[in-house]
Amino acid sequence: MDVTKNCISLKLFILFMTAQLNYLMCAPDHYDVDYVINPWMEGNVHKSSRDRAVVQWQKLYGVLKGLVNVELVTPEKGWPDMVFTANAGLVLGDKAVLSRFLHKERQGEEPYFKAWFESKGFTVFELPKDLPFEGAGDALFDRKGGWLWAGYGFRSELDAHPYLAKWLDVEVLSLRLIDNRFYHLDTCFCPLTGGYLLYYPPAFDSYSNRLIEMRVPADKRIVIEEADAVNFACNAVNVDRNVVMNKISDGLKQRITNAGFTVIETPLTEFLKAGGAAKCLTLRTIEVPISSELEASEPSGVEARIVELTGHLLDSGIINRALDLVTDNGGSFQVLEFNLGEQRQSTSLARIRISAPSHDLMETIMGELIEIGAVLQDRDTCAANLEPVLQDGVAPDDFYVSTIYPTEACVDGVWVRCNNQRMDAAIAISADGSANCKLLRDLVVGDRVVVGYDGVRTIRKPEARDTAKKEEFSFMGAGVSSERRVELIVEQIAWELRQIRDRGGKLVVSCGPVVVHTGGAPHLAYLIREGYVQSMLGGNAIAVHDMEQSSMGTSLGVDLKRGISVKGGHRHHLKVINSVRRYGSIHKAVEAGFVKTGVMYECVTNNIPFVLAGSIRDDGPLPDTVMDLLEAQRLYSEQIRGADMILMLSSMLHSIGVGNMTPAGVKMVCVDINPAVVTKLSDRGSVESVGVVTDVGLFLSLLVQQLKKMDSPVAVGV
């Protein structure tokens, strides 16, 4: 800060600290509950007693006149809420930021408060007319740190906070309100002398609560319970060590007293009917944050971006999802443009300004918006930001993390589709301008990696109002349930498998040893033999126990036909492993006649590729099992490429790995007896997945029965 500015600030500080505190009030000559603009007004329209309101206001006025100087603004007929002068504006030194009321029922108060501020010599700042900000009701100075706590979520917009920071030259900390009973910050938050804070944490989101805890020491935080909160205990006037409020519990009064304050209670029940109490009825007009430093304050941490959404925004619910995720993550939005498609096949366009109270929250919001197809539009160019890889296997900070959805990056003004689409990868731009999803371990020095969200967009499958009517079966997106008839779901899946096979598509099966244990191996072998399966993924165990059943009639030592353990059967799987290792591979064991039936037999005889990924628990392992984890991931990824559907059969770990490698558009069927497993596999952002909670052996049996029925001459004739 330069010397001149520092001297002016010091003079203002001395002037206002030596002057008697000044408050603005407005007599309740026209006060009533005439309308409903907050939850407290509901059921109280014209039920407030004018006489009691006047008496209660006069008592508060008398209490405050004994502590500070009180000025009055003339009440105006037709504006009953003008009595709540806290919402007139926000004052600091000789500056006043005039309120912009959200509701039309209060907007008529603005010119009267503006005239009062100007008559007192304040420099008045006015926000854009479409940017709500409701004064000291949503902006409160900390009484020690000197920063400004600013609320948003119901009456004030986050985008107003940068204006406050600029005009008042003060650090602004944004707090998001989430309980509509506490629609203004001053209804649930009261900074007190000496850096103390009286507040109700459930009124705020988690980010705001963390921010409060970071700035206010635990011994200075006075947390109140709901019973006191709904009596507006936080809507108090703090004058030095005096706290004037409506009514509080004995326990809270004792805690405030123990902190060194004197509690002055004065009934304000008639004003609670309109959603206000002591603080709402007053505006401090000599306001200088008490701070030990007169340094330049930090600017507001609010970030703003503009995004564009196109598609069937209303029919598919995309616009609602976009706005919900903004607010759910603590952000704010303003719809700048919305062009609605005029015909059924027409698409809509929306341009939305997104604001967030911090860079980290903005990154979170942008990441989720990009996933549903939003494109950043607030830069002169759409070019992606590229930074070089400086160390093999390490991406630059803030690199863009890919999703399952087809993604494009704007390189040299051209949108380029990313190759090898998968989730949890970086986007690397090669020398020829092509884009590739690369795992971190595959990055090498010299790769250029997309950083941030500029110049990145995802391509989502159009979601129109009649999408479900375009396909004979709409089982994809059916969700997870153990209550639906498995037979009905199997019919739908069988129909889809038949379509994939007949058009020369690709089905990949990811399966675990439970397939064998439950008697499902012969049915899976049938699917392979009849051309339904084009690739199989699993671990060491599925192959071991399949071949154990083929050669010894057991699985984990259990005779599957009789359902009983065989003496010495616990050694069977090791004998199978040993035999296959003697032959050198599963292929050679099949060729030698050691393996004559089963899943692995059909894979070998029908030239179906398979990948067995090993783990630390594997016995043996089989010579075909890939014990190099990174190599196994690479081979899995190769097999998934070009898949139309992935059938995940009771193998959570292998299937989760497969899911992470799979781009959007690949249909997934997840089958397991455990609902938690099915949910985890299905809940990965794709609308093209279905979960089936059932015994995998039963599922495969029903699936094969249905396919045989469809392949029969009678079915064809039908």
Worksheet item: Charged N to carboxylate O under 4.0 angstrom, Arg143 versus Glu287?
Response: yes
Worksheet item: Salt bridge or not for Arg210 and Glu213, using N-O below 4.0 Å?
Response: no
Worksheet item: Any salt bridge between Glu71 and Lys120, counting N to O under 4.0 Å?
Response: yes
Fill in: Trp57 and Tyr61 aromatic centres sub-6.0 Å
yes
Practice prompt. For the pair Tyr31 and Phe271, name the ring-plane relationship: parallel under 30°, tilted 30 to 60°, perpendicular over 60°.
Written response: tilted
Worksheet item: Does the side chain of Leu192 come within less than 4.5 Å of Leu198's, by heavy atoms?
Response: yes
Worksheet item: Within 45° of the six-membered ring axis of Phe133 and under 6.0 Å from that ring's centre, is NZ or CZ of Arg100 located there?
Response: no
Discussion item. Going by side-chain hydrogen bond (donor to acceptor under 3.5 Å, both in side chains), Thr193 matches just one of Asn242, Asn238, Asp240. Which one?
Written reply: Asn238
Practice prompt. Assign the ring pair Trp167 / Tyr163 to parallel, tilted or perpendicular, where the plane angle (0 to 90°) is split at 30° and 60°.
Written response: tilted
Worksheet entry | Check ion pair Asp32-Lys273 (N to O, under 4.0 angstrom) | no
Practice prompt. Sequence neighbours left out, what pairs pass salt bridge (charged side-chain N to carboxylate O under 4.0 Å, His left out) with at least one residue falling in residues 179-194?
Written response: Asp179-Arg181, Arg181-Glu226, Asp186-Lys279
Worksheet item: With a 3.5 Å cut-off and no angle check, do the side chains of Gln254 and Asp250 form a donor-acceptor pair?
Response: no
Worksheet item: How about Glu265 and Val244: do any of their side-chain heavy atoms sit closer than 4.5 Å?
Response: no
Worksheet item: Any chance the rings of Phe154 and Tyr183 have centres within less than 6.0 Å?
Response: no
Discussion item. Centre-to-centre under 6.0 Å for Trp40 and Phe232, is that the case here?
Written reply: yes
Fill in: Validation row: Asp424, Ser402 side chains within 4.5 angstrom (heavy atoms)
no
Item to complete: Using distance alone, with no hydrogens and no angle criterion, decide if Ser208 and Asp205 have a side-chain donor and acceptor under 3.5 Å apart.
Response: yes
